Structures are given as C-alpha cells and as structure tokens.
Number of protein chains: 4
Amino acid sequence: MIEVDQNTTHAPQDEDTSKRRQILDGAREVFMELGFDGASMGEIARAAGVSKGTLYVYFTDKTALFEAIVEEETRTAVLFSFDPDRDIATNLTGFGEAYIALVCRPGGGSAIRTVMAIAERMPDVGRRYYDRVLEGTINCLTTYLRGRVEAGQLAIDDCQLAASQFHLMCQATLFLPFIFQAEPAPSPERISKVVASAVRMFLANYGVKG
Amino acid sequence: MIEVDQNTTHAPQDEDTSKRRQILDGAREVFMELGFDGASMGEIARAAGVSKGTLYVYFTDKTALFEAIVEEETRTAVLFSFDPDRDIATNLTGFGEAYIALVCRPGGGSAIRTVMAIAERMPDVGRRYYDRVLEGTINCLTTYLRGRVEAGQLAIDDCQLAASQFHLMCQATLFLPFIFQAEPAPSPERISKVVASAVRMFLANYGVKG
Amino acid sequence: MIEVDQNTTHAPQDEDTSKRRQILDGAREVFMELGFDGASMGEIARAAGVSKGTLYVYFTDKTALFEAIVEEETRTAVLFSFDPDRDIATNLTGFGEAYIALVCRPGGGSAIRTVMAIAERMPDVGRRYYDRVLEGTINCLTTYLRGRVEAGQLAIDDCQLAASQFHLMCQATLFLPFIFQAEPAPSPERISKVVASAVRMFLANYGVKG
Amino acid sequence: MIEVDQNTTHAPQDEDTSKRRQILDGAREVFMELGFDGASMGEIARAAGVSKGTLYVYFTDKTALFEAIVEEETRTAVLFSFDPDRDIATNLTGFGEAYIALVCRPGGGSAIRTVMAIAERMPDVGRRYYDRVLEGTINCLTTYLRGRVEAGQLAIDDCQLAASQFHLMCQATLFLPFIFQAEPAPSPERISKVVASAVRMFLANYGVKG
DNA sequence: CATGAATGAGTGTTCATTCAT
DNA sequence: CATGAATGAACACTCATTCAT
C-alpha cells in the first residue's frame with residue numbers, strides 16, 4: 001500500500017520531459033499548418049501521439065501551449081554569422097541567400113504567418129516573436145554593418161535602418177507572392193539574382209567610394 | 001395613390017441593398033479584427049446590426065461572406081498616381097509616404113494580415129488579394145519606372161524587381177514591427193525619414209549619373 | 001377615394017382560389033416526397049410558385065397545410081366500382097388489379113407512407129386518412145360482398161373481415177417490398193398472377209359450392 | 001457506498017459499453033416516437049441521459065445513430081418456430097397470433113412505421129430492414145410450408161406467395177387501423193378470431209383434400 | 001391580397017476542458 | 001503521470017413564421 005516514488009526526476013515540471021517534447025513537436029506542426037484557431041486540441045494530441053488529457057498536464061490551456069510553441073520558435077531562430085575574413089559583398093550575399101532560402105522554403109513562412117495572424121489578439125506573442133526573431137535577425141546584420149562602418153568600409157548613418165532595408169530588399173518579388181500563395185517557392189537561381197541586386201544597390205548607396 | 005419610389009426593389013439580389021452594405025461593413029470589422037476562424041457569424045450579425053438569418057439571405061455561407069469582404073478590399077485598393085511634371089524623387093517620395101501611411105495606420109494592416117493568415121487554406125483568396133492589391137500597387141510603380149527608363153532618366157534593368165525593392169525599402173523598420181504589434185503606428189516624421197532614405201538609395205543605384 | 005370592390009368572389013376565403021390550388025398542388029408534391037418534417041415551407045412555396053408569405057394567407061401554419069393536403073387526398077380517393085352483370089371472380093380481379101396498380105405505381109405509396117409516418121404525432125390525421133381511404137376502399141368491397149352473400153352467391157360470415165382479407169392478399173409479395181424500396185414497382189403480369197391467386201383462395205373459401 | 005463494478009473498461013470502442021447501450025436505448029425511444037426528422041439530437045441526449053457531445057463519441061452523426069438503431073432492430077427480430085409434432089393449423093395459428101400480438105402491441109409498429117417513412121430517402125436502410133425483418137419472417141413461414149408440401153400435407157405452387165398471403169391475412173382489420181391510430185391495439189380474442197379465419201381460408205385453398 | 005426581407009429559435013455538430021480511473 | 005470518456009458551451013447554418021410594403 002505504501003508507494004515509494006523514487007522517480008522524482010521525470011515529473012512533468014521538468015522543462016524537457018520527453019512527453020513535453022512530443023507535445024511541443026506535435027503542436028508546432030498543427031499550429032503552424034492551421035493557425036491558432038484552426039488547430040484543435042484533438043488534432044494536436046493525435047499529432048503528438050498523446051492523449052488529450054496529457055496536453056493539460058503540461059500546459060494549462062490552448063493559449064499556453066501556443067505561446068510555448070512560439071516561444072520555442074524564437075529560441076530556435078537561426079543565427080546568421082558573418083565572416084570577417086571575407087568581403088562585405090560576400091557576407092551580405094551569404095546572409096541574404098540563406099535568409100531567403102529559409103523563409104521561402106515550403107513551410108518556411110508558417111511561423112511568420114501564424115504569429116502575424118494572431119498578433120492583434122495576442123500582442124505579447126506578436127511582439128516577442130518580432131523582437132526575438134525578426135529584429136534579432138536584423139540586429140545580427142546591424143551589428144555586422146556597424147563593425148564595417150567603424151572599420152571605415154561602409155558609410156552608414158543609421159545602421160539599423162540600413163540593415164532593415166537590406167533585409168527587405170532581399171525579399172523583393174519573392175517573399176510576398178510566396179506567402180500569399182501567388183507563386184511557388186523561388187528557385188535558388190532567382191534568389192541569387194534578387195540578392196545580388198540587393199547587394200549591388202546596398203553598396204551603391206552605403207559603400208565607401210574609391 | 002401615386003407612389004414615387006425609384007428604389008422599389010428591396011430585393012437582396014440588388015448588388016447594393018443597404019442591408020448587404022451593413023453586413024459587409026459589420027463582417028469586415030469582425031473578420032479583420034479576429035480573422036476568419038476567430039470571427040463567428042453571431043458576432044458578425046451583431047456588428048452588422050442584423051439577425052443571423054439575414055446573413056444567409058445575402059451570402060451562402062461564412063466563406064462566401066469572407067470572400068466578398070476580401071474581394072471588396074481588393075477593389076477599394078488605393079490607386080497611386082505619379083505626376084509627370086514633378087521629378088522622380090518627388091514622385092517616389094509621394095508614393096512611398098502615402099503607401100506607408102496607408103498600411104501603417106491603425107487597422108491598415110488588417111487585410112494583409114487576415115488574408116495572409118488564411119492563404120494556405122484558401123489559396124485562391126490569397127492569390128487574388130496579392131495579385132490585385134500588392135502586385136497591383138507594385139505594378140503601378142513599375143509602369144512609372146519603365147516610363148522614366150524609356151525617358152532616359154533612370155537606368156534599370158528589371159523594373160519590376162526595382163519597384164518591389166523600393167516598395168519594400170519604404171517599409172524598413174516600420175511595417176513589420178507595426179503589424180507584429182511590437183511598435184505603434186509610426187509618426188509622419190519617421191515615415192518621411194525612412195522613405196527619404198529609400199529614395200536616396202534607389203536613386204544612388206538606379207539614377208542616371210551626371 | 002371610394003373604392004367599390006366588385007371582386008368579392010376571388011377572396012382567399014373561397015374554397016378554391018387558384019392560388020389555393022397552386023399551393024395545395026405544390027405542397028402535396030413536396031410533402032409526399034419528403035414527409036412532414038422533411039418538407040420545408042420554402043420548398044413548398046417554390047414548388048407552388050408562390051411566395052412564402054402567401055402560404056400563410058391561405059393556411060395558418062405548416063400543420064394546417066399538411067392536414068389540408070391529407071384531407072384532399074382522402075377526397076380524391078379512387079372509387080372502385082363493381083359491375084353486377086359480370087361474375088364475382090371478374091369483379092374481384094378487376095378490383096384487385098386496379099388497386100395494386102394504383103398503390104404500387106411510382107409515387108403511389110407516398111400518401112400512405114407519409115400519413116402513416118405522422119400518425120403517432122397527428123392521430124386525427126392518421127385516423128381520418130385510414131377511415132376515408134383505406135377503410136373506404138375496403139367498405140366498397142364489403143358492400144359488394146354483402147350483396148353477393150344476400151344473393152346467395154357467397155358464403156361469408158364477416159364480410160368486413162373478408163373484404164380486408166382480400167384487400168391484403170392482393171398485396172402479397174408486392175406492396176411491402178415496394179414501399180420499403182426493396183423491389184421496384186411490380187409488372188402488370190406479376191400483379192395479375194398475385195391477384196389471380198388471391199381470387200382463387202378467396203373463392204375456395206367463401207365461394208358457394210355446387 | 002460499495003460499488004461493485006466488474007466492467008472496468010469504459011472505453012467507447014467496446015461494442016457494448018453501458019454508455020453505448022444507454023444511447024441506443026434513448027435514441028430508439030425518440031426515433032421510434034418522432035421519426036428520423038422529428039427526433040433531435042438534444043432530445044435523444046436527454047432521453048439517453050448523456051450529453052449531446054457524448055452522442056458523437058459513439059456515433060459519427062445522426063444518420064449513423066439511426067442506422068445503428070434500425071440495424072439492431074433487425075437483429076432483435078423475433079424468430080418464429082414451428083413444431084413438426086403439431087398439426088399445420090396449430091402451427092399456423094401459433095405463428096399468426098404471435099406475430100400479430102407482436103406488431104399490434106403498443107409501440108409494436110413503431111419500427112415498421114419509422115423505417116417505412118424514411119425508406120425513400122434512405123433506401124438501403126429500408127431494404128435491409130425489409131429483407132431482414134419482414135422477408136425474414138415470411139421466409140421462416142415459407143420454409144415451413146415448403147416442408148409440408150414436400151410431406152404431401154399441403155398443395156402449394158408458390159410457397160413464398162402463400163406465406164406472404166397468410167402473413168397478410170392474419171393482419172386483416174387489425175394492423176392498418178392500429179398503425180394509423182384509427183383503433184387501439186386489438187384484444188387477444190379479436191386476434192384469435194382473425195387468425196383462425198386466416199388459417200381456415202389458407203387451408204381451404206392449400207390444404208390437401210381427403 | 002401578395003410579397004419576400006427579416007427574424008430568432010432551433011438544428012446537427014465540434015471542441016476546449018475536466019476528471020475519475 | 002497518463003488516459004480518454006464525458007461534458008456543455010459555442011459554432012455554422014436552417015426554417016417556420018411575421019410584417020412592412
């Protein structure tokens with residue numbers, strides 16, 4: 001009758017029980033495909049391979065589960081690196097191509113779409129996602145640019161603005177048609193061309209002449 | 001006995017019965033605030049000031065009502081004009097500032113957000129909206145640019161790409177934080193500054209030197 | 001200002017305005033096909049070629065309209081006649097074949113089915129229909145049989161029972177499979193055979209020997 | 001306070017969870033009283049003592065629940081037995097009285113009525129019910145008759161037809177008035193008289209003389 | 001009288017959530 | 001802890017009925 005529970009370490013309060021992982025993975029899949037409202041807890045349970053009840057052991061409600069997914073998404077955001085040994089054009093091109101390939105791959109825009117969709121009703125979620133992922137990406141670039149400015153290789157007044165400009169230019173003709181389902185994912189060649197054009201424009205304006 | 005009534009037909013088949021307008025207005029409000037799934041027909045009826053049943057007299061189902069809203073949104077899309085008597089920088093600045101003021105005003109991004117959110121499940125709606133509104137806007141600019149190229153005032157290889165680049169650059173640091181609720185609507189001053197920077201960069205690259 | 005209404009005879013209180021007829025005809029069609037609950041007033045209005053509102057000018061509600069249909073159905077019930085100049089077998093055969101052909105033709109069982117379906121919830125309707133149509137048909141036969149008994153041509157104790165027996169025997173293997181959609185409407189040949197067998201059995205039992 | 005519960009599995013996948021039984025019982029009651037269209041899922045839930053949602057755990061929709069009821073009704077169809085040691089008249093009388101007592105008892109015609117009512121819109125349901133219940137009953141009798149024919153005790157050409165004739169004759173003056181609510185359930189005495197008359201007529205025609 | 005626009009109670013169905021086991 | 005049966009509030013949608021014209 002006495003039950004000695006030696007298994008204290010596998011309690012769900014642990015941040016990463018395998019069950020919790022399963023749920024997060026299943027939930028991401030469903031939420032990203034169907035959006036917050038379109039996703040049902042039943043579907044999520046099925047995708048995660050757990051019972052519906054278990055969902056509520058780890059997350060208080062649908063919203064909390066969704067927030068956890070988005071939160072995680074912000075932590076897994078890809079870090080872009082810049083190689084100081086290579087020239088600016090190469091670094092910008094590498095960054096631009098990697099970024100566009102990432103967001104314009106099938107499913108690549110799901111998180112952006114899903115979070116943007118809910119941002120009005122869950123402003124905190126929207127803001128956190130923007131700050132960590134989009135602004136994070138841009139900040140990465142901002143920091144790189146600032147370094148080049150300090151090294152006298154670029155002439156930029158507002159590096160943050162410049163980073164945002166470059167970030168957006170790389171998407172020209174690519175991201176919006178893709179995410180609105182007006183066009184399929186762009187080919188690597190098309191991406192190269194667009195990013196090359198962005199790099200050219202960027203350096204034409206911010207490059208140090210001579 | 002004589003009754004002068006030029007609007008004798010109160011039939012719902014009329015394209016613009018006041019009831020139909022009421023419904024469209026109420027529905028737009030609710031759909032744009034809550035998204036397709038988040039909006040309920042009851043809420044829409046309340047917002048429109050009609051009964052739930054009446055909704056179904058004018059629209060076969062929720063989807064049809066939503067599509068009608070989006071359709072209308074594409075028709076009310078603002079047309080941007082370019083004045084051939086003014087110089088390119090002025091025209092670009094005017095376009096950029098008007099566009100950003102439009103989409104970054106409170107509620108200005110709702111349609112984009114709402115349609116983008118549903119684009120995966122309703123690809124036709126997404127595509128039509130993109131084609132008519134976003135591409136429509138860009139095409140407007142493309143045409144203008146092409147004219148200037150032919151007039152020898154600009155040196156652009158791919159005018160469509162250039163238009164998209166400008167269109168996106170104008171949004172730098174503004175639209176994404178706004179739509180993700182990370183920042184409030186930008187001030188006219190901030191818009192001016194960002195658009196001015198975009199114009200500068202655009203002309204630095206595509207302007208004809210001399 | 002004075003309006004002399006000479007058209008007093010076409011008011012809806014008249015038992016047979018053409019509008020009333022139209023409605024009854026449309027309603028019969030729809031009720032008989034879909035049953036009381038399955039039929040909608042909208043469908044009936046469409047079938048009758050009048051507006052929904054008009055339905056309520058002539059009938060207080062759906063139930064009253066249904067009752068009027070059934071009532072009418074009882075009045076249009078076919079009268080079967082027996083020819084005293086022909087022999088009993090011929091008369092019974094004629095009656096049997098006519099009756100089965102009537103109820104086993106496509107749509108012929110609709111009234112029976114529809115009224116039977118509602119009889120528990122509208123007992124008056126069920127009883128009246130039974131009394132007037134089914135019992136009416138049997139009474140017709142009963143009267144004929146009674147005449148033959150009095151004429152010494154048949155030996156029947158309970159003529160009503162005998163009439164009902166004959167009425168049912170004629171349906172053997174035909175009506176139930178037909179109305180349950182287990183078999184299509186029987187061929188005239190099959191009907192002949194079954195009725196002939198019923199006549200034979202009937203006379204074998206009730207016929208006067210010698 | 002002590003609860004003995006040997007049925008520890010409360011899973012709905014079990015073919016006969018008590019909940020499933022409860023639902024079937026409640027649904028039968030409501031469907032048989034009000035018909036398919038007249039019955040509402042809410043009413044059924046109330047009658048079954050479960051929530052509306054639970055209905056959908058066990059049955060995919062209203063139609064499936066209805067079909068399950070009818071299916072079950074066909075399986076519970078009474079089997080009639082004939083005792084070879086007793087004479088034909090006794091066997092026929094036993095069968096006839098049992099059958100009429102069954103279908104003319106209060107509620108005894110509900111299934112027939114309900115299924116017949118829906119047969120046009122759900123032909124499969126109608127056909128299956130007819131085949132299994134009505135034809136099943138008649139086949140039972142057919143088989144018995146065929147045996148007697150082979151034993152030289154009856155002279156019947158078409159045993160199926162003869163069985164159907166007997167089956168129907170037993171109902172004479174009883175079933176139709178009962179199901180149309182024109183008369184209450186018949187007394188055993190009345191049933192006896194009618195069945196006796198049917199047996200007499202049947203043997204007068206098909207009996208072997210001598 | 002005839003209309004059909006409008007209603008709102010009601011329908012079948014789904015789903016986030018709870019809880020006994 | 002994990003389950004999944006059970007719930008009930010909410011949903012999209014239908015329809016008998018009303019009423020201004």
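By convention in this document, chain letters (A, B, ...) are assigned in the order of the sequence lines, proteins followed by strands, and residues within each chain are numbered from 1. Keep in mind that what you see is a predicted model, and the values were worked out from it rather than measured.
- One interatomic measurement links the two molecules: OH of C:Y58 to P of F:dA16, which rounds to 20 Å at whole-angstrom precision.
- Map B:L55 and D:G42 each onto its nearest nucleotide of DNA chain E; the residue landing nearer the 5' end is B:L55.
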Test log, rule salt bridge (charged side-chain N to carboxylate O under 4.0 Å, His left out), inputs B:E73 and B:R28: CA-CA 9 Å; B:E73 207 75 13; B:R28 172 162 41 249; 3.5 Å; yes
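- Residue-level contact check: D:A45 touches neither bases nor backbone, having no heavy atom under 4.0 Å from any strand.
- For C:K52 against E:dT3, no side-chain N or O and base N or O form a donor-acceptor pair under 3.5 Å.
- The CG atom of A:D61 sits 14 Å away from the C1' atom of E:dC15 (whole-angstrom rounding).
- The nucleotide whose nearest atom lies closest to any side-chain atom of C:S40 is, among E:dG12, F:dA16, F:dA2, F:dA16.
- A sub-4.0 Å separation between OP1 or OP2 of E:dA2 and a side-chain N or O of C:T54 is absent.
- The 5' end of DNA chain E is approached more closely, in terms of each residue's nearest nucleotide, by B:S51 than by the other of D:D37 and B:S51.
- Residue order along DNA chain F, read from the 5' end via each residue's closest nucleotide, puts A:G53 first among C:F36 and A:G53.
- The partner of F:dT21, taking Watson-Crick or G-U wobble pairs whose two distances both stay under 3.5 Å, is E:dA2.
- Rounded to an integer number of Å, the gap from D:M41 CE to E:dT13 P is 6 Å.
- Atom OG1 of residue D:T54 and atom NZ of residue D:K52 lie 12.0 Å apart, to the nearest 0.5 angstrom.
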Salt bridge (charged side-chain N to carboxylate O under 4.0 Å, His left out) assessment of B:R46 paired with B:E43: CA-CA 5 Å; B:R46 254 192 358 86; B:E43 189 82 0; 3.5 Å; yes
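- At whole-Å resolution of the value, CZ in D:R46 and C1' in F:dG8 are 16 Å apart.
- Side-chain nitrogen and oxygen atoms of C:Y56 include at least one within less than 4.0 Å of the OP1 or OP2 phosphate oxygen of F:dT17.
- A side chain to side chain contact (heavy atoms under 4.5 Å, CB included) with D:V125 is found for exactly one of D:R128, D:M122, D:R121, namely D:M122.
- Taking atom NZ of residue C:K19 and atom P of nucleotide E:dA2, one finds them 5 Å apart after rounding to whole Å.
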